Amino acid sequence: MRYLLLLKRLLKKKSYIVMLLVVPLMVFMLNIMSSGDAGLMTIGVYIPSNDEYSNKLREDITNNPGALQFVFYDDEDELVKAVERQQVAEAWIVPENFEKTVTDMASRGRTKEKIQIVIRESGLTHMLGREVLCSRVYPMVARQIAFNYISEKVYDNNMTEAQIDNMVNTYDEYGINGNLFEMGYVDQTDASSDVSYLMMPLRGILALWLLLCSVAASMYYIEDEKNGLFIWWKTKLPLLRDLAYYLVIVLIPSIMVLIGMAYGGVFTSLGREIVAILLYDFAIIALANVLRLLIGSIKGLGIITPILIMASAIFSPVFIDIKEGRNLQKFCPTFHYLYCIHDEYFVKSLLVFGILLLMIWYLLNTLKNHIK
């Protein structure tokens, strides 16, 4: 009954309501942005010539845009201005004689006329854009290398038009039909999905938000402790009482996280998600109590919270996975949670991590009571 009253009191707190509203608002905004026409980013393209390779590149970009949006420009200066005005994220400027560029690269391994990429600032998306451009241009260079080799080794650089046409048709017919790769998780579930690039970090962002909620629960606890709530709430098992106290606060945010992931398209299966989030709740509640006992003040928790969230965002695979910091990553409950969805090893490691934090919590709580 006391926990129901605690939940009722929480739902009257404006700060708690605002904290809950963050999830639906964030997921809604991400859904709107990911469903737009711009995709991951918009790239302006200037292809001035109509030679064979220019037309191939133009056709490839038009027919296979992927996760990017491409806008063709008829003027190079106008495209550069579009980058300056942030109308496009970056610009691809193809040389006037692109066919000669490809031919020079194939025959000599270098070329004076290069494709220019114009950006305002560096970033991961621009690195991806460069890789995408390479994947569009390299097959043309490889094709020309094959032509040069066959022409020299087989025909002694003396090919007839019929032989050239036959070689071109033969080469182009050897296209790879269907998918060459099949991606799957370590638990043998299919990893191919239509989730937008913008929605992929959603699980990690929601996990960080849930970690923030657990720290907020410690702030509520300190406030209630100062107001004398626990003087009248005696129990022989204070750890279980405190665990239930935190669970009441984290319960609704956890449900919001599950709903947000389902709405955002990153939900796997109900059983798997429930097990993962319960273990994660257990770990972050234990961590929040350890921080509460070590710091002991709302102001101190307020100072440490941004550092905790930033460190978790860096050392957990929310946006990128830093392999070099694996030992540090193991100290972040978010790291274990994000990997445990498809790997049973991290389900066990998350449980062990939570138990270790629980033991530290118990020792600190016992030490605190002895000091009193």
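The first residue of the sequence shown is numbered 1, and numbering continues consecutively from there. Because the structure is a prediction, the values reported are computed rather than measured.
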Shortest non-hydrogen separation from [X] to [Y] and the atoms involved:
{"X": "L210", "Y": "I284", "answer": "O-CD1, 3.6 Å"}
{"X": "S49", "Y": "S54", "answer": "O-CB, 3.4 Å"}
{"X": "I222", "Y": "G296", "answer": "CD1-C, 4.0 Å"}
{"X": "A276", "Y": "C340", "answer": "CB-SG, 3.7 Å"}
{"X": "L338", "Y": "A207", "answer": "CD2-CB, 4.5 Å"}
{"X": "V27", "Y": "G260", "answer": "CG1-O, 3.7 Å"}

Is [X] linked to [Y] within one hydrophobic cluster, defined over Ile, Leu, Val, Met, Phe, Trp and Tyr using a side-chain heavy-atom separation of less than 4.5 Å?
{"X": "L79", "Y": "V94", "result": "no"}
{"X": "V83", "Y": "I119", "result": "no"}
{"X": "I355", "Y": "V290", "result": "yes"}
{"X": "Y339", "Y": "V266", "result": "no"}
{"X": "F319", "Y": "I309", "result": "yes"}

Under the side-chain contact (heavy atoms from CB on, under 4.5 Å) rule, what do H342 and R272 come out as? Steps first, then yes or no, please. CA-CA 9 Å; H342 296 287; R272 183 177 301 173; 3.5 Å; yes

From [X] [atom1] over to [Y] [atom2], what is the distance, rounded to the nearest 0.5 angstrom?
{"X": "R110", "Y": "M105", "atom1": "CZ", "atom2": "CE", "result": "10.0 Å"}
{"X": "L279", "Y": "I274", "atom1": "CG", "atom2": "CD1", "result": "12.0 Å"}
{"X": "R130", "Y": "E90", "atom1": "CZ", "atom2": "CD", "result": "10.0 Å"}
{"X": "F353", "Y": "Y280", "atom1": "CZ", "atom2": "OH", "result": "10.0 Å"}
{"X": "S254", "Y": "I249", "atom1": "OG", "atom2": "CD1", "result": "11.5 Å"}
{"X": "Y245", "Y": "S218", "atom1": "OH", "atom2": "OG", "result": "9.0 Å"}

Side-chain contact, heavy-atom cut-off 4.5 Å: [X] with [Y]?
{"X": "Y337", "Y": "I277", "value": "yes"}
{"X": "R292", "Y": "W361", "value": "yes"}
{"X": "I205", "Y": "V318", "value": "yes"}
{"X": "M26", "Y": "L202", "value": "yes"}
{"X": "I304", "Y": "V215", "value": "no"}
{"X": "Y16", "Y": "P253", "value": "yes"}
{"X": "L243", "Y": "L358", "value": "no"}
{"X": "L208", "Y": "T334", "value": "yes"}

For D74, does the CG atom have more than 12 heavy-atom neighbours from other residues, nucleotides or ligands under 6.0 Å away? no

Salt bridge between K56 and E99, side-chain N to carboxylate O under 4.0 Å? no

K100/D104 salt bridge by N-O under 4.0 Å criterion: yes

Could you name each residue pair satisfying salt bridge (Lys or Arg N to Asp or Glu O under 4.0 Å) that touches residues 140-149, not counting sequence neighbours? E52-R143, R143-D172

Sub-3.5 Å donor-acceptor pair from the side chain of [X] to the main-chain atoms of [Y], do we have one?
{"X": "Y263", "Y": "P24", "answer": "no"}
{"X": "S214", "Y": "A288", "answer": "no"}
{"X": "R58", "Y": "N50", "answer": "no"}
{"X": "T366", "Y": "Y362", "answer": "yes"}
{"X": "R120", "Y": "A89", "answer": "no"}

For a side-chain contact (heavy atoms from CB on, under 4.5 Å) check, start with the C-alpha distance between N97 and E113, then their side-chain angles and the critical distance, and finish with the verdict. CA-CA 8 Å; N97 193 348; E113 298 294 331; over 6 Å; no

Under the rule for salt bridge (charged side-chain N to carboxylate O under 4.0 Å, His left out), what residues qualify as partners of E273, not counting sequence neighbours? R203

From the list Y73, F70, Y46, F72, ring-ring contact (aromatic ring centres under 6.0 Å, His included) partner of W92 resolves to F70

Please test I47 against F98 for side-chain contact (heavy atoms from CB on, under 4.5 Å), starting from the C-alpha separation and ending with a verdict. CA-CA 9 Å; I47 305 178; F98 185 50; over 6 Å; no

Please tell me whether F335 and F346 form a close aromatic pair, meaning their ring centres lie under 6.0 Å apart. yes

Does L364 form a side-chain contact (heavy atoms from CB on, under 4.5 Å) with N289? I'd like the steps, not just the answer. CA-CA 9 Å; L364 289 173; N289 275 282; over 6 Å; no

Determine, stepwise, if the pair E59 / N55 fulfils side chain to side chain donor-acceptor pair (under 3.5 Å). CA-CA 6 Å; E59 182 181 352; N55 289 333; over 6 Å; no

Qualifying residues under side-chain contact (heavy atoms from CB on, under 4.5 Å), relative to I255, sequence neighbours excluded: L251, I259

